[in-house]
**Student:** 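One structure is given below, represented as structure tokens, and several questions about it will come after.
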Amino acid sequence: MQKFFFNKKLVVTLIGLIVSFLLIAFSISVRNNRSMPPFIVQFGNEAAGVVNTVVSYPVNGVAKAGSDVSDLLNTYEENQKLKKEVDSLASQRVENQTLAKENKHLKRQLKLNKSLTDYDKISAYVLSRTPSAWQNQVIISKGKTAGVVKNAAVMSKEGLVGRVVEVNQTNSKVELLSTENDDANRFAVQLSNSKDETVNGLITGYNSEKNELIMGQVTSKVKIKKGTSVITSGMGGNTPKGLLVGKVVRVADDDYGLPSKIYIKPAADMADLSVVTVAKRTD
């Protein structure tokens with residue numbers, strides 16, 4: 001019985017197709033034959049319109065369905081990408097919150113309200129710079145009134161630039177890392193190698209020809225790679241720990257192949273200073 005109905009449907013479909021083609025042929029011949037009465041021509045046009053509608057409807061439906069499927073797939077891919085980005089941001093936020101809690105917990109264990117990395121920021125702009133002492137000093141627009149203290153570290157947006165050596169009521173004098181003064185109060189700095197071994201030392205000089213800081217009094221015998229970041233160690237004075245000084249460009253070894261001097265490319269551009277930040281340690 002099921003086979004009978006299937007065959008019957010097939011026959012009806014074939015007949016429908018044949019009738020459609022005959023109507024198309026008839027409508028074309030009618031429209032091309034100008035001797036036909038107007039009502040017959042009109043009937044032919046109507047028949048052609050009906051056939052075109054019947055034939056084009058499923059074709060347009062398939063095309064629209066294909067377009068909708070394509071849009072749906074694109075939307076799905078975009079949603080998946082956005083979901084991954086949101087998940088990544090959420091994960092990063094949770095990680096930052098966890099680190100902040102851990103840091104607070106460790107401080108509490110050590111009975112510390114502050115640490116070497118804590119400091120207040122005092123923004124200032126450069127008032128003047130003497131041409132004869134271009135590499136040595138600048139005058140900034142903040143002093144005692146704003147809370148600036150002697151020996152506080154001074155930074156640009158790129159990294160460490162120097163130290164406050166004189167404080168007045170409304171301005172201060174800053175000695176730069178690039179100073180040629182051999183009696184300058186040098187910064188204690190450190191770096192870590194790939195094995196997390198720490199190397200400590202002092203900024204002992206500056207090579208103006210190559211724009212390189214010189215790190216001397218190196219305390220460790222470990223190997224140091226080019227490109228390693230150098231930061232302040234927080235030892236001595238009012239300098240917070242962790243301020244970026246620059247990156248290692250080369251290492252001079254002694255007779256035993258151990259580092260004696262480390263040459264550093266400064267992170268900050270000492271020749272182009274307009275706005276600076278005084279880092280006042282709070283421990």
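Excluded from the calculations below are hydrogen atoms, water molecules and symmetry mates; all remaining heavy atoms, backbone and side chain alike, are included. Position 1 is the first residue of the sequence; numbering continues from there.
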**Student:** For a 4.5 angstrom cut-off between non-hydrogen side-chain atoms, does S274 reach V126?
**Tutor:**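 No; the side chains remain at least 4.5 Å from each other.
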**Student:** Indicate the atoms forming the closest heavy-atom contact of N200 with S233, along with that distance.
**Tutor:**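 The answer is OD1-CB, 4.1 Å.
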**Student:** Do the side chains of L273 and L176 get nearer than 4.5 Å, heavy atoms only?
**Tutor:**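 The answer is yes; the side chains approach within 4.5 Å.
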**Student:** Is there a donor-acceptor contact under 3.5 Å from the side chain of R163 to the main chain of N238?
**Tutor:**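 No; judged by distance alone, with no hydrogens or angles, the pair does not exist.
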**Student:** Determine, using the 4.5 Å side-chain heavy-atom cutoff (strictly less than), whether I224 and V249 are members of one ILVMFWY cluster.
**Tutor:**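 Different clusters: I224 never reaches V249 through Ile, Leu, Val, Met, Phe, Trp or Tyr contacts under 4.5 Å.
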**Student:** Could you state the interatomic distance from CG (L177) to CG (N136), rounded to the nearest 0.5 Å?
**Tutor:**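 The CG atom of N136 is 12.0 Å from CG of L177, to the nearest 0.5 Å.
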**Student:** Once you round to the nearest 0.5 Å, how far does NZ of K150 lie from OG of S172?
**Tutor:**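 Spacing of NZ (K150) from OG (S172) equals 11.5 Å.
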**Student:** Where do T198 and Q190 come nearest, in terms of heavy atoms and distance?
**Tutor:**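 Closest approach of T198 to Q190: CG2-NE2, 3.7 Å.
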**Student:** Establish, from distance only, whether the side-chain atoms of Y206 and N211 form a donor-acceptor pair under 3.5 Å.
**Tutor:**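 Distance-only check passes for Y206 and N211.
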**Student:** Atom CG in L243, atom OG1 in T232: separation rounded to 0.5 Å?
**Tutor:**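 It is 3.5 Å, given to the nearest 0.5 Å.
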**Student:** Can you name the nearest heavy-atom pair linking L202 to A188, along with the distance?
**Tutor:**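 In terms of heavy atoms, the two residues are closest at CD2-CA, 3.6 Å.
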**Student:** Out of curiosity, L127 CG to K173 NZ, how far, rounded to the nearest 0.5 Å?
**Tutor:**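 That separation rounds to 13.0 Å.
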**Student:** Would S229 and K247 count as having a side-chain donor-acceptor pair, cut-off 3.5 Å?
**Tutor:**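 Yes.
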**Student:** Checking side-chain contact (heavy atoms from CB on, under 4.5 Å) for the pair K225/V251: CA distance, chi angles, key distance, verdict?
**Tutor:** CA-CA 8 Å; K225 290 184 178 180; V251 178; over 6 Å; no
**Student:** Just verifying a value: how many Å separate T170 OG1 and K142 NZ, rounded to the nearest 0.5 Å?
**Tutor:**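 Taking OG1 in T170 and NZ in K142, the distance rounds to 11.0 Å.
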**Student:** Say you draw a straight line from CD1 of I139 to OH of Y125; how long is it, rounded to the nearest 0.5 Å?
**Tutor:**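 Rounded to the nearest 0.5 Å, the CD1-OH separation comes to 13.0 Å.
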**Student:** Would you indicate whether the side-chain heavy atoms of V276 and V174 approach each other to under 4.5 Å?
**Tutor:**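 Answer no - side chains too far apart.
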**Student:** Taking the side chain as everything from C-beta on, heavy atoms only, tell me whether I264 gets closer than 4.5 Å to I203.
**Tutor:**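 Yes; the side chains approach each other to less than 4.5 Å.
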**Student:** Counting distance only, does the side-chain N/O of R281 pair as donor-acceptor with the main-chain N or O of T239 below 3.5 Å?
**Tutor:**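 Yes, R281 side chain to T239 backbone: donor-acceptor pair under 3.5 Å.
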**Student:** Any chain of hydrophobic side-chain contacts (each under 4.5 Å) joining I231 to V248?
**Tutor:**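 Different clusters.
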**Student:** Is the shortest side-chain heavy-atom distance between V164 and V149 below 4.5 Å?
**Tutor:**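 No. Closest side-chain heavy atoms not under 4.5 Å.
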**Student:** On a heavy-atom basis, which atom in A152 and which in A279 lie closest, and how many Å separate them?
**Tutor:**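 So the two residues come closest at CB-O, 3.9 Å.
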**Student:** Please examine the side chains of F187 and V245, heavy atoms only from C-beta on, and report whether any two atoms are closer than 4.5 Å.
**Tutor:**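 When only atoms from C-beta onward are counted, F187 and V245 do not touch, as no gap falls below 4.5 Å.
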**Student:** So, is the end of the R250 side chain (NZ or CZ) under 6.0 Å from the ring centre of Y263 and within 45° of the ring's axis?
**Tutor:**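 Relative to the ring axis of Y263, which defines the angle, R250 lies inside both limits.
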**Student:** Show the nearest heavy-atom pair for residues T228 and S192, with the distance to one decimal.
**Tutor:**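 Reported closest heavy-atom pair: CG2-O, 3.4 Å.
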**Student:** Looking only at non-hydrogen atoms, find the nearest pair between M215 and L191 and report the distance.
**Tutor:**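 Closest heavy-atom pair between M215 and L191: SD-CD2, 4.1 Å.
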